[in-house]
Amino acid sequence: MPKRLTIIGSGPSGLTAAIYAARANMEPLLFEGFQKGGMPGGQLMITSEVENFPGFPEGILGPQLMSNMREQAIKHGTSVLMEDIEEVDLNTYPFTLKSISGETYSTDSLIIATGATARRLPLDSEKRLWGKGISACAVCDGALPAFRNKELAVIGGGDTALEEALHLTQFASKVYIIHRRDELRASKVMQKRVLTHPKIQILWNKVVEEFIGETQLSSLILRDTATSETSELSVVGAFEAIGHVPNTGFLNGQLEVDELGYIKTVPGSTKTSIEGVFASGDVQDHQFRQAVTAAGSGCMAATEAERWLQERAGL
Ligand code: NDP
């Protein structure tokens, strides 16, 4: 028997969709993923304090917020599977999904809420030293003994980079932010915190050309984007925070995507180019990308899936 609704993704969007669908007695099945597209729970699992999710005036830790949402989804009747979906067939109905362990699942409607993954610098030295001083998650790795009281670098000029830099000041003796332009992309409030922080120095107009180190990162070769001059910066840790790519590989081109690869949805809706398939959260939003907007669109997707199934049954 096909499920009435299947949800792929366990970030704020997928879990909010699950809460709404479960409360509407749709008995949703949710694939929370395992390895693909980051850890189950999504990007908030690698965030520390979340200060802007409504309802938590003192802030809440990202993993705690996700644990609460998961518990709420299960409590209302969501079945959760810790499996990656590797392939989908959206051209035949009911839709079919194949997991990485080879199981197939059939569903009458589908919500894709697979989010986006952190981008990485395409350098051989980056691959070689990944996990040996290079990371994409200051919250996960910043407190490691190797980084304590040492000089560290964060690459990027967005909110994530600044948040990571601020987090690292708890452990590091100094944090450099390496940004390719002379202006930050991050919000004004974050800029103010960073620009006035005594442990943080911004290196403007710089890109990383090479990561140096035998078994552990020891320095970075930087190139000035204005003058092309190169310089060496001694750091034992480098944290990349250069944006994200949407997790849509498993769709194999079956849904329309925009020029950046994000799933196209009908404006004001979560409807995709295939009827009965809805997309919510960061996988279809590169503009706002907030936990609260992801959760909001998850609610929309569950509501639209429910209506679509009712209309279909009524035909
Ligand atoms: P962004 O896309 O906002 O920023 C990415 C940064 O990386 C930019 O400064 C960009 O430079 C730089 N960059 C991209 N590619 C490269 C490259 N190849 N080499 C060097 N630098 C590069 O991503 P974020 O992850 O920072 O933020 C994503 C969204 O999440 C944003 O909307 C942000 O506001 C939000 N966010 C909100 C938080 C909060 O509210 N607490 C916390 C974290 C994120 P350039 O500026 O030149 O393009």
Side-chain angles (χ1 to χ4, degrees), residues 11-13 37-38 42-66 115-127 134-140 142 153-168 176-195 200 202-211 220-226 228 230 233 238-247 258-262 281-297:
S13 195
Q43 294 178 60
L44 283 189
M45 295 300 286
I46 53 168
T47 302
S48 52
E49 204 70 46
V50 180
E51 292 178 342
N52 51 12
F53 199 87
F56 301 95
E58 304 304 324
I60 182 167
L61 293 174
Q64 184 61 55
L65 181 59
M66 296 323 300
T117 301
R119 204 181 277 141
R120 289 182 46 186
L121 289 174
L123 297 170
D124 288 344
S125 54
E126 192 257 20
K127 285 192 196 77
I134 308 176
S135 161
C137 179
V139 176
C140 321
V154 174
I155 302 151
D159 278 319
T160 304
L162 272 53
E163 199 176 79
E164 301 242 303
L166 286 165
H167 179 75
L168 290 172
Y176 296 96
I177 293 178
I178 297 162
H179 184 41
R180 63 184 178 182
R181 293 189 290 137
D182 60 2
E183 196 185 341
L184 294 168
R185 178 178 293 279
S187 56
K188 293 283 178 263
V189 60
M190 293 296 280
Q191 291 197 25
K192 194 173 167 204
R193 282 187 207 170
V194 157
L195 291 166
I200 297 179
I202 304 184
L203 302 179
W204 302 102
N205 299 317
K206 298 280 188 291
V207 287
V208 177
E209 280 226 315
E210 217 60 69
F211 293 90
L220 309 176
I221 302 295
L222 304 180
R223 181 171 53 80
D224 190 298
T225 53
S228 293
T230 55
L233 178 73
F239 294 82
E240 292 177 36
I242 57 169
H244 296 84
V245 281
N247 297 322
D258 68 12
E259 64 287 353
L260 297 173
Y262 289 80
D282 287 13
V283 76
Q284 53 86 54
D285 168 29
H286 54 81
Q287 193 184 351
F288 299 107
R289 295 183 287 197
Q290 300 299 299
V292 70
T293 50
S297 71

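Any value given below was found using the heavy atoms of this structure, including those in side chains, with hydrogens, waters and symmetry copies removed. Order of appearance sets the numbers: ligands from 1, and atoms from 1 within every ligand. Here the structure is a predicted model, which is why all the values come from computation and not from measurement.
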Q) Can you tell me if E183 has a non-hydrogen atom under 4.0 Å from ligand 1? A) no
**Q.** Numbered atoms and elements of ligand 1 in range of L121, under 4.0 angstrom, heavy atoms
**A.** 18 (N), 19 (N)
Q. Taking only heavy atoms of G157, which atoms of ligand 1 are found under 4.0 Å from at least one of them?
A. 6 (C), 8 (C), 9 (O)
Q: Could you tell me which atoms of ligand 1, counted from 1 in the order shown, lie closer than 4.0 angstrom to a heavy atom of F288?
A: 32 (O)
Q | Closest protein heavy atom (residue, atom, distance) for atom 39 (C) of ligand 1 | A | N52 ND2, 3.7 Å
Q) Where's the contact between E51 and ligand 1, heavy-atom distance under 4.0 Å: side chain, backbone, both or neither? A) neither
Q: Could you list which atoms of ligand 1 come closer than 4.0 Å to a heavy atom of H244?
A: 25 (O)
Q.
Taking 4.0 Å as the limit for heavy-atom contacts, which would you say applies to V208 with ligand 1: side chain only, backbone only, both, or neither?
A. neither
Q) Under 4.0 Å from any heavy atom of R181, which atoms of ligand 1 are there? A) 45 (P), 46 (O), 47 (O)
Q: Specify the protein heavy atom at minimum distance from atom 34 (O) of ligand 1: its residue, its atom name, and the distance to 0.1 Å.
A: D159 OD2, 2.6 Å
Q: Check ligand 1 against R119 and write out every atom of the ligand that is under 4.0 Å from a heavy-atom position of the residue.
A: 14 (C), 15 (N)
Q. Has ligand 1 got any nitrogen or oxygen that is less than 3.5 angstrom from a nitrogen or oxygen of A161?
A. no
Q. For ligand 1, is any non-hydrogen atom under 4.0 Å from Q290's backbone (N, CA, C, O), its side chain (CB onward), both, or neither?
A. side chain
(Q) Taking NZ in K127 as the centre, count heavy atoms belonging to other residues, nucleotides or ligands within less than 6.0 Å. Is the count above 12? (A) yes
Q | Nearest-neighbour protein heavy atom for atom 1 (P) of ligand 1, which is reported as residue plus atom name and distance | A | R185 CD, 3.9 Å
Q | Element-labelled atoms of ligand 1 that are located less than 4.0 Å from some non-hydrogen atom of T160 | A | 24 (P), 25 (O), 26 (O), 27 (O), 43 (C), 44 (C)
Q. What protein heavy atom is closest to atom 16 (C) of ligand 1, reported as residue, atom name and distance in Å?
A. R180 NH1, 3.3 Å
Q.
If you compare all heavy atoms of V292 against all heavy atoms of P54, which two are closest, and at what distance to 0.1 Å?
A. CG2-CD, 3.8 Å
(Q) Does only the side chain of A241 get under 4.0 Å from ligand 1, or the backbone, or both, or neither? Count heavy atoms. (A) backbone
